[in-house]
Amino acid sequence: MPIRLLGQLKLMIRSVTSQRLSRTEHRVLFLCSESFPPHYAVLDCIFNDALRNSGIECSWIMPSAVTSVVRETWNGHAVWLIPKVRTPTASGMMAAYREHLSNIESAVQIAAHEVGPFDLVQVRDDPAMAAVGYRHSRHQRIPFAYQLSHLKEEECILAGLRGQYPGRAKHIAKGAAGFLARQSLLYAADVVFPVSQEMGKLLYRLGISRSKIAPLPEGVNIDGYQPATEDKKHKTRELLHLPRGPLAIYIGSLSIMRRLDRVVDAMVVMNKLGAPGHVAFLGGDAGTGDIERLRHRAQALGVAERLRFLGHTTPSKVPPYLQACDVGLSPIPNTFVYRHCSPIKILEYLSVGLPVVATDIPAQRQILERADAGLLVAHEPDSIAHGLAQLFTMHPADRQLMGQRGREYIVGHRSYADLARIVVDRYQRLWEQPRDK
C-alpha cells in the first residue's frame, strides 16, 4: 500500500478514535446552590472538565442576580440562571420558598426541552432544588444523586439558637425545615456524595444506606498552586505589601461561626512568649461586621500590629498570597457542623508547600497524619500560639521539607483527576443497573 495511503489511514483512525473519546455519551443535569459563577473549583474541574473527558456532559442550574430564568454558558457548558430569593422574615418564608420552587421548576423544564433528555440528575446542597430534581428524575426514570458539601441546615439552626446573626426565628425555622426536607431526599437518592468520611458516618447513623454513600472530599487544582522559591516569596511579599518576618496566612470566611477571635487571642500569648510573627486574614465578612469585630478585639487587646486584614479576593488571586507566606493556618472549631466538613484551605496551603497549623478535626487529622506536613492543635489561644511559634522558629529548610511532604500528599491523593474517578465510577454503576420503565 502506498505510503501516502497509509498516512491517510492513520489520520482517519486517529480522527475516529478522538471523536469516540470526546463525544457525549451521557448527560447530567446539575442543580447547584452556589451563585453563578461559583467560586468552588471542584465544580468546574470535576463536573465540567474531568467528566467531559469521560464522555459525560453537565448542564447547570444556579442562582444569580437575575429577575427571570436566563440561559448562559459556563466554560462551554449550558447553565440556566434563576433569581435569588430572599427571606427577610420568618413569616415570609413560605412565599419565598414557593417562588424559589417555581423558578427551579421552570429552569428544569427549559433545560430538559433544550438539552435533554438527561441520564442523571444531581443536586448540591439545596433541598428545594433537590425536591424538584428528584421529581424530574423519577418522572424520567433516571438516577438521582445528592451532593452534600456542608451541613448548612444544622449551621443555620445553631446560628439562630445562639443569636449570632439578626433574625433568630427565621434562622431556626429555615434550618429546621431544610433539615427535614434534605433528610427525606437523601433517603430517596440513588447515590449520596458527602464531603467527608465523617459526614458519611453521620448520614449512615441517620439512616442512609451505607451502599449509597460515596464520600467525595474537597480537592485542589494542582496546576494552579505551585511552591515558590525563597527569592520569589520575598519579592511577592513586597509586591503585596505584607509584613517582614515570619508570616502565617488564613484564607476563607471570617464568619463569627469560625470563632477566629481565638486567633486574635493567640497573638496575646505570642507576645507573652516573645515569639515573632504576624497573621494575615484573606477573606471577607460572612455577616455584617465580622471583620470589624475582629479588628476591634485586636485593638482592645493591643495586638493589632500583629494582624493584617487583606479583605476578599477572587480564587485566581489566592496563590500569590500563599506563596508569600511561611505557614498556613486552618483553625476550624471542633463543633458539630465543622467536624463533618472537608476544609479546602489546608489543601491549598499544602499545594504550595506551606506547612500548616491546623486544629484537630477528623478531616485535618487524617491529612496531617498521612502527610506529616504540620501540627495539629486545639482550637484554643494557647495551643494555636505555641503551634505558630514552633513553626515560625523552625529552620527554613526544615519548614520547606515539611511543606514538600504536604504537596506530595496532595498530588498523590487530592487531585481533581483522582476525585473525578469516584464520581464516574458511581455514575457508571447506576447506569448499568436496570431501571423500571
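Heads up: numbering here begins at 1 and tracks the sequence.
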Residue that, paired with F47, satisfies ring pair (Phe, Tyr, Trp, His ring centres under 6.0 Å) out of Y416, W74, F30: F30

Where the side chain of D119 meets the backbone of R27, is there a donor-acceptor pair that is under 3.5 Å apart? yes

Partners passing ring pair (Phe, Tyr, Trp, His ring centres under 6.0 Å) against F118 (at least two apart in sequence or in another chain): none

Compute both the distance and the angle, then confirm whether R124 meets the cation-pi test with Y40: under 6.0 Å from the six-membered ring centre, within 45 degrees of the axis. yes

Tell me yes or no: between the side chains of S64 and K84, is some donor less than 3.5 Å from an acceptor? no

Is there a donor-acceptor pair under 3.5 Å between the side chain of K212 and the backbone N or O of Y187? yes

Report yes or no: does S59 contribute a side-chain atom to a donor-acceptor pair with the main-chain N or O of L29 at less than 3.5 Å? no

Considering the options I222, V352, L350, which one meets the side chain to side chain contact (heavy atoms under 4.5 Å, CB included) requirement together with R407? I222

Working note: D190 + R138, criterion salt bridge (Lys or Arg N to Asp or Glu O under 4.0 Å); need CA distance, chi angles, decisive distance, verdict. CA-CA 11 Å; D190 297 293; R138 290 307 176 255; 3.1 Å; yes

Closest non-hydrogen contact found for L322 with E348 is CD1-O, 3.7 Å

Is it true that a side-chain atom of Q323 and a backbone atom of Q226 form a donor plus acceptor pair closer than 3.5 Å? yes

Does NE2 belonging to H296 count more than 12 external heavy atoms closer than 6.0 Å? no

Heavy-atom closest pair (A298 atom, L307 atom, distance to 0.1 Å) is CB-CD1, 3.6 Å

Within the structure provided, determine whether V108 and L31 are in side-chain contact (heavy-atom separation under 4.5 Å). yes

Looking at side-chain heavy atoms only, is the closest gap between L216 and V195 below 4.5 Å? no

Any side-chain heavy-atom pair of R135 and E105 under 4.5 Å: yes

Answer whether the closest heavy-atom distance between the side chains of L388 and V279 falls below 4.5 Å. yes

Just wondering, more than 12 heavy atoms not from H278 lying within 6.0 Å of its NE2? yes

Closest heavy-atom pair and its distance - L354, C325: CD2-O, 3.2 Å

Tell me whether Q400 at atom CD has more than 12 heavy atoms from other residues, nucleotides or ligands lying less than 6.0 Å away. no

Rounded to the nearest 0.5 Å, what separates atom CE in M257 from atom CD1 in I332? 12.0 Å

Checking Q122 against Y427 for the side-chain hydrogen bond (donor to acceptor under 3.5 Å, both in side chains) test, could you report, in this order, the C-alpha distance in whole Å, the side-chain angles of both residues, the deciding distance, and whether it holds? CA-CA 10 Å; Q122 179 157 332; Y427 284 180; 2.4 Å; yes

Do I82 and H100 have side chains that approach each other closer than 4.5 Å (heavy atoms only, starting at C-beta)? yes

When rounded to the nearest 0.5 angstrom, what distance separates OG in S137 from CD1 in I142? 6.0 Å

Please name the pair of heavy atoms, one in S255 and one in D290, separated by the smallest distance, quoted to 0.1 Å. CA-OD2, 3.6 Å

Would you say S330's side chain and A358's backbone share a donor-acceptor pair under 3.5 angstrom? no

Measure the spacing between CG of L203 and CD of E198 and express it to the nearest 0.5 Å. 11.0 Å

Looking just at side-chain N and O atoms, do Q364 and Y338 make a donor-acceptor pair shorter than 3.5 Å? no

Please list all pairs passing the ring-ring contact (aromatic ring centres under 6.0 Å, His included) test where one or both residues lie in residues 308-334, with sequence neighbours left out. F281-F309

Once you round to the nearest 0.5 Å, how far does OG of S342 lie from CD of Q197? 10.0 Å

Any chance you could lay out the salt bridge (Lys or Arg N to Asp or Glu O under 4.0 Å) test for E380 and R259, step after step, and finish with the verdict? CA-CA 10 Å; E380 298 295 339; R259 301 182 183 175; over 6 Å; no

Can H26 and E57 be counted as having a side-chain donor-acceptor contact under 3.5 angstrom? no

Just how far is it from atom OG of S33 to atom NE2 of H150, taken to the nearest 0.5 Å? 11.0 Å

I'd like to check V318 versus T313 (side-chain heavy atoms, cut-off strictly below 4.5 Å). Are they in contact? yes

Step by step, would you call R414 with D418 a salt bridge (Lys or Arg N to Asp or Glu O under 4.0 Å)? CA-CA 7 Å; R414 289 298 187 89; D418 290 327; over 6 Å; no

Describe, in one word, how the ring planes of F144 and Y146 are oriented to each other, choosing from parallel (under 30°), tilted (30 to 60°) and perpendicular (over 60°). perpendicular

What's the verdict on side chain to side chain contact (heavy atoms under 4.5 Å, CB included) for I346 and L368, showing C-alpha distance, side-chain angles and the deciding distance? CA-CA 10 Å; I346 188 173; L368 290 189; 4.3 Å; yes

Regarding R370 and H413, is there a side-chain donor-to-acceptor distance under 3.5 Å anywhere? no

What are the two closest heavy atoms between D49 and C45, and how far apart are they? CB-O, 3.6 Å

Heavy-atom pair with the smallest gap, counting every atom of P381 and A266: O-CB, 3.5 Å

W80 side chain to E72 main-chain N or O, any donor-acceptor pair under 3.5 Å? no

Please check this pair: side chain of S196 against backbone of H340, looking for a donor-acceptor N/O pair closer than 3.5 Å. yes

Among residues two or more places apart or on two chains, list those pairs meeting salt bridge (charged side-chain N to carboxylate O under 4.0 Å, His left out) that have a residue in residues 326-344. K233-D326, R237-D326, D326-R399

Determine whether a donor-acceptor pair (N or O, by modelled atom type, separation under 3.5 Å) exists between the side chain of R182 and the backbone of D125. no

Does a donor on one side chain sit under 3.5 Å from an acceptor on the other, for D360 and H379? no

Between atom CD1 of I410 and atom CG of N221, what is the distance when rounded to the nearest 0.5 Å? 12.5 Å

For the residue pair L202 and L151, establish whether any side-chain heavy-atom pair is separated by less than 4.5 Å. yes

Evaluation steps, side-chain hydrogen bond (donor to acceptor under 3.5 Å, both in side chains), between H77 and R52: CA-CA 10 Å; H77 296 255; R52 175 176 277 175; 3.2 Å; yes

Side-chain (T73) to main-chain (G76) donor-acceptor, under 3.5 angstrom: no

Does the pair T359 and N334 meet the rule for a side chain to side chain contact (heavy atoms under 4.5 Å, CB included), with working shown? CA-CA 8 Å; T359 48; N334 190 16; over 6 Å; no

Side chain to side chain contact (heavy atoms under 4.5 Å, CB included) evaluation trace for V357 with F392: CA-CA 11 Å; V357 173; F392 281 166; over 6 Å; no

Less than 4.5 Å apart, side chain to side chain, heavy atoms only: is that true for Y250 and L260? yes

Would you check if the side chain of Y349 reaches a backbone N or O of I249 as a donor-acceptor pair within less than 3.5 Å? yes

